[in-house]
Student: 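Structure in structure tokens, see below.
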Amino acid sequence: QVQLVESGGGLVQAGGSLRLSCVVYAGTFSAYVMGWFRQAPGKEREFVAAISRNGGNTYVADSVKGRFTISGDSAKNTAYLQMNSLKPEDTAKYYCAGRSGVIIKLPPNDYDSWGQGTQVTVSS
């Protein structure tokens, strides 16, 4: 259906910032809900944020609210996750996911397409 590719992960000190990008290579960005998830070793995959209808609707998990911001650029078919005030607890592999339609959903199983993931490591 679609191909998603994440980038922008890396190593950052606590309190630092990082911006992740997710490029969609098929379809149109505005036609999909784009979600960000993260998974640390030994942990379940966790919802982080999602955006739909070219930024018309967004939802951010309480665990990152006030620190993370999700946005999108339809002209570039790209979703972004701006991460500020990073904490060691944010260390995880971050995945971009997509689903058709305009309804934002939180469970990973409701997403059809997944990127390869990009590692974010926050040092303490």
Side-chain angles (χ1 to χ4, degrees):
Q1 181 75 6
V2 297
Q3 182 181 359
L4 291 71
V5 179
E6 308 98 327
S7 63
L11 176 64
V12 64
Q13 289 187 272
S17 298
L18 211 58
R19 188 173 79 160
L20 307 183
S21 300
C22 175
V23 180
V24 180
Y25 286 98
T28 60
F29 177 80
S30 62
Y32 290 89
V33 171
M34 303 299 300
W36 286 98
F37 296 79
R38 64 187 183 185
Q39 188 167 22
K43 304 284 188 177
E44 294 186 358
R45 190 161 296 188
E46 175 190 13
F47 174 85
V48 177
I51 186 170
S52 68
R53 302 191 67 182
N54 197 25
N57 300 98
T58 62
Y59 189 86
V60 181
D62 289 342
S63 59
V64 301
K65 190 173 297 182
R67 299 188 297 119
F68 291 11
T69 303
I70 188 169
S71 62
D73 186 338
S74 60
K76 298 181 179 179
N77 282 350
T78 302
Y80 302 97
L81 185 68
Q82 178 67 46
M83 305 184 294
N84 298 325
S85 301
L86 283 162
K87 306 174 181 179
E89 307 92 90
D90 296 318
T91 295
K93 193 167 187 179
Y94 283 70
Y95 296 89
C96 179
R99 68 180 299 271
S100 59
V102 299
I103 305 299
I104 291 177
K105 295 192 174 184
L106 310 188
N109 288 342
D110 287 325
Y111 290 76
D112 300 320
S113 303
W114 292 85
Q116 81 285 357
T118 184
Q119 179 67 37
V120 172
T121 302
V122 184
S123 62
S124 60

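Throughout, residue positions are numbered sequentially from 1 according to the sequence presented.
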Student: Nearest 0.5 Å please: distance from the CE atom of M83 over to the CZ atom of R19.
Tutor: 11.5 Å
Student: Can you list everything that forms a side-chain contact (heavy atoms from CB on, under 4.5 Å) with S17? Sequence neighbours excluded, please.
Tutor: Q82, N84
Student: Taking side-chain contact (heavy atoms from CB on, under 4.5 Å) as the test, write out the residues that go with S63, two or more places apart.
Tutor: R38, E46, A61
Student: Heavy atoms only: give me the nearest M34-C96 pair and the separation to one decimal.
Tutor: CE-SG, 3.4 Å
Student: Which residues pass the side-chain contact (heavy atoms from CB on, under 4.5 Å) test with V122, sequence neighbours left out?
Tutor: V12, A14, L86, P88, D90, T91, V120
Student: Considering residues at least two apart in sequence or located in another chain, which fulfil the side-chain contact (heavy atoms from CB on, under 4.5 Å) criterion with Q116?
Tutor: V5, E6
Student: Please determine which of T78, L81, L4 meets the side-chain contact (heavy atoms from CB on, under 4.5 Å) test together with C22.
Tutor: L4
Student: Considering residues at least two apart in sequence or located in another chain, which fulfil the salt bridge (Lys or Arg N to Asp or Glu O under 4.0 Å) criterion with K87?
Tutor: none
Student: Taking side-chain hydrogen bond (donor to acceptor under 3.5 Å, both in side chains) as the definition, give me every residue that meets it alongside K65, ordered by chain and number, with sequence neighbours left out.
Tutor: D62
Student: Just wondering, more than 12 heavy atoms not from L11 lying within 6.0 Å of its CG?
Tutor: yes
Student: With sequence neighbours excluded, give me every ring-ring contact (aromatic ring centres under 6.0 Å, His included) pair touching residues 63-100.
Tutor: none
Student: Listed by chain and number, what are the side-chain hydrogen bond (donor to acceptor under 3.5 Å, both in side chains) partners of N109, not counting sequence neighbours?
Tutor: none
Student: Going by the salt bridge (charged side-chain N to carboxylate O under 4.0 Å, His left out) test, which pairs reach into residues 103-124, not counting sequence neighbours?
Tutor: none
Student: For S52 and N57: C-alpha separation, side-chain torsions, deciding distance, then whether side chain to side chain contact (heavy atoms under 4.5 Å, CB included) applies.
Tutor: CA-CA 5 Å; S52 68; N57 300 98; 3.3 Å; yes
Student: Does anything in residues 104-124 form a ring-ring contact (aromatic ring centres under 6.0 Å, His included)? List the pairs, not counting sequence neighbours.
Tutor: F37-Y111, F37-W114
